[in-house]
Amino acid sequence: RSPMWLVLGVPALLLFAWALTKVDASHAGRAYAAYGAIYIVGAILWGWVVEKSPPDRWDVAGGLICLVGSALILWAPRSA
């Protein structure tokens with residue numbers, strides 16, 4: 001592939017690394033969990049758009065489960 005992917009990929013990774021520095025240290029694990037879900041869904045989308053391999057129902061279901069799980073980790077009500 002063209003090295004032009006680096007023009008998009010490197011700044012995206014740098015932006016993510018910078019954003020993690022802005023998260024309260026006690027919540028960094030939760031932020032990382034959210035990143036995991038985004039990474040998984042991004043990989044599914046990459047396969048669809050770049051590799052021309054459309055996701056099947058299991059890919060879609062798995063991606064949705066990851067996003068719901070990430071939302072639960074991030075926003076579940078907690079005591080104290």
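For Trp48, the side chain to side chain donor-acceptor pair (under 3.5 Å) test picks out no residue, with sequence neighbours left out.
Ile40 and Cys66 get closest at one heavy-atom pair: CD1-SG, 3.6 Å. The minimum heavy-atom distance linking Ile73 with Ala33 is given by the pair CD1-CB, 3.9 Å. The heavy-atom pair separating Ala34 from Ser70 by the smallest distance is CA-OG, 2.9 Å. The two atoms that bring Ile44 and Asp59 nearest to each other are CD1-O, 3.3 Å, heavy atoms only.
The CG atom of Leu72 sits 10.5 Å away from the CZ atom of Arg30 when rounded to the nearest 0.5 Å.
Following chains of ILVMFWY side-chain contacts shorter than 4.5 Å, one can reach Ile38 starting from Leu45, so the two form part of one hydrophobic cluster. Linking Ile, Leu, Val, Met, Phe, Trp and Tyr whenever their side-chain heavy atoms come within less than 4.5 Å puts Leu14 and Leu6 in one cluster.
Annotation for Trp75: hydrophobic cluster partners, listed by chain and number, are Leu74 (ILVMFWY side-chain heavy atoms under 4.5 Å, direct or chained).
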